[in-house]
**Q** 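Questions regarding the structure given below will be posed in turn.
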Amino acid sequence: MMMKPHEIIDDIYIVGGPDITDGRDGCVYLIDLGELILIDSGAGWSVDTIISNINILSLDPRKITTILLTHCHIDHIGGAPDFRNRFGSRIYIHELDAPALENGDPVLTAATWYQTDFLPTKVDVKLSSPQGVLTIGGEKIVCLHTPGHTPGSISIYLNRIEKMVLFAQDLHGPLLEEFGSNLSDWNLSTRKLLELDADILCEGHFGIYKTKKAVRNYIISYRRQYGVE
Ligand SMILES: [Zn+2]
Ligand SMILES: [Zn+2]
């Protein structure tokens with residue numbers, strides 16, 4: 001059953017994902033701080049649907065100034081070049097995952113898995129460790145380096161009406177050699193994410209977890225699965 005795009009909490013929306021736009025898409029989130037910030041961009045086939053979803057929510061996709069990419073996999077980055085071409089949005093990704101985009105690397109972007117390709121794409125802003133802070137519309141968005149799934153994976157958080165909203169897209173893995181995954185990095189990263197004690201987790205493929213307890217249980221369940229808890 002397909003879901004509709006909707007508001008998660010004050011000015012934060014889900015506009016794409018496997019249950020909303022296309023089974024191949026990672027979840028696509030949108031933050032409205034006057035300017036629009038897109039978190040991930042889907043696999044690339046559903047850019048038009050994502051745009052119409054943004055319109056359905058009475059937001060103007062031409063205001064997308066910023067695309068924050070959580071890591072270099074095609075299900076998250078595929079739509080980004082198209083958004084940049086249409087709206088002049090700037091692409092942000094961690095410096096360790098940037099070369100995969102800039103070289104259009106078929107393995108590191110996982111494009112071969114999806115039987116597609118990703119054309120070499122310029123990155124506008126390369127984030128570096130351990131964290132970057134963007135101030136938009138007077139609000140701070142923190143991009144935390146959380147390697148593990150890929151070397152340049154980031155998690156993003158901000159506060160809305162006294163709740164911490166955390167975007168940790170492929171926190172669940174998989175951890176694969178061909179992606180440059182690293183279990184001990186992942187162990188430290190997921191520990192950092194637990195310490196944040198977020199109220200809401202916006203995940204990359206399995207949707208949204210809405211209490212501190214649910215967020216915690218979700219992260220711990222994967223730590224158990226990977227044998228670090
Ligand atoms: Zn993914
Ligand atoms: Zn991934």
Side-chain angles (χ1 to χ4, degrees), residues 3 8 14-30 38-47 49-50 67-83 91-118 121 123 126-127 129 143-157 166-190 192-193 201-209 215 218-219 221-223 225-226:
M3 266 168 26
I8 299 162
I14 182 162
V15 293
D19 303 322
I20 294 184
T21 42
D22 186 305
R24 296 167 290 188
D25 290 338
C27 296
V28 184
Y29 298 100
L30 187 77
L38 204 59
I39 297 185
D40 287 341
S41 59
W45 290 281
S46 49
V47 171
T49 321
I50 294 169
I67 305 171
L68 298 179
L69 297 176
T70 58
H71 66 291
C72 62
H73 290 159
I74 191 81
D75 46 329
H76 303 263
I77 65 171
D82 213 355
F83 281 102
I91 297 177
Y92 288 61
I93 193 164
H94 192 275
E95 59 185 359
L96 295 176
D97 273 19
L101 275 73
E102 293 179 324
N103 303 328
D105 189 304
V107 175
L108 290 176
T109 60
T112 37
W113 269 31
Y114 287 76
Q115 296 171 315
T116 184
D117 50 15
F118 182 81
T121 295
V123 168
K126 292 177 193 173
L127 301 163
S129 321
C143 301
L144 188 66
H145 185 210
T146 49
H149 176 57
T150 66
S153 289
I154 60 166
S155 303
I156 297 158
Y157 64 89
L166 169 65
F167 302 87
Q169 309 293 70
D170 280 6
L171 151 72
H172 55 82
L175 302 183
L176 297 176
E177 204 175 322
E178 66 197 86
F179 294 162
S181 303
N182 182 305
L183 179 63
S184 62
D185 286 350
W186 186 88
N187 177 19
L188 293 175
S189 295
T190 49
K192 269 193 217 167
L193 294 177
L201 169 65
C202 299
E203 215 281 333
H205 293 268
F206 305 117
I208 299 150
Y209 296 80
V215 175
Y218 180 85
I219 299 172
S221 75
Y222 283 99
R223 286 179 55 80
Q225 232 179 83
Y226 288 108

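Counting convention: from 1, in listed order, for ligands and their atoms alike.
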**Q** Can you name the N/O/S atom of His73 that is nearest the Zn ion (ligand 2)?
**A**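 Nearest N/O/S atom of His73: ND1.
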
**Q** Is there a side-chain contact between Ile208 and Tyr29 in this structure, where contact means two heavy atoms from C-beta onward sitting under 4.5 Å apart?
**A**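 Touching, per the 4.5 Å side-chain cut-off.
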
**Q** Can an N, O or S atom be found in His149 less than 2.8 Å away from the Zn ion (ligand 2)?
**A**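 Coordinating: yes.
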
**Q** Which angle, to the nearest 10 degrees, do you find at the Zn ion (ligand 1) between OD2 in Asp75 and NE2 in His205?
**A**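 Approximately 90° at the metal, rounded to tens of degrees.
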
**Q** Can you check whether Ser184 reaches Asn182 side chain to side chain, under 4.5 Å on heavy atoms?
**A**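 In short, these two side chains touch, coming nearer than 4.5 Å.
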
**Q** Looking at every heavy atom in both Pro18 and Gly26, which two are closest together, and how far apart are they?
**A**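 Shortest heavy-atom separation between Pro18 and Gly26 comes out as CD-C, 4.2 Å.
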
**Q** Would you give the length of the straight line joining atom NE2 of His149 to atom OG1 of Thr190, rounded to the nearest 0.5 angstrom?
**A**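 Output value for this atom pair is 13.5 Å.
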
**Q** Please find the N/O/S atom of Asp170 nearest to the Zn ion (ligand 2) and write down its name.
**A**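 Asp170's closest N, O or S atom to the Zn ion (ligand 2) is named OD2.
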
**Q** Evaluate the side-chain proximity of Gln169 to Ile39: yes if any heavy-atom separation is below 4.5 Å, no if none is.
**A**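 The answer is yes, as the side chains (C-beta and beyond) meet within the 4.5 Å cut-off.
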
**Q** With carbon and hydrogen excluded and only N/O/S kept, which atom of His76 is nearest the Zn ion (ligand 1)?
**A**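 The Zn ion (ligand 1) is closest to the His76 atom NE2, counting only N, O or S.
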
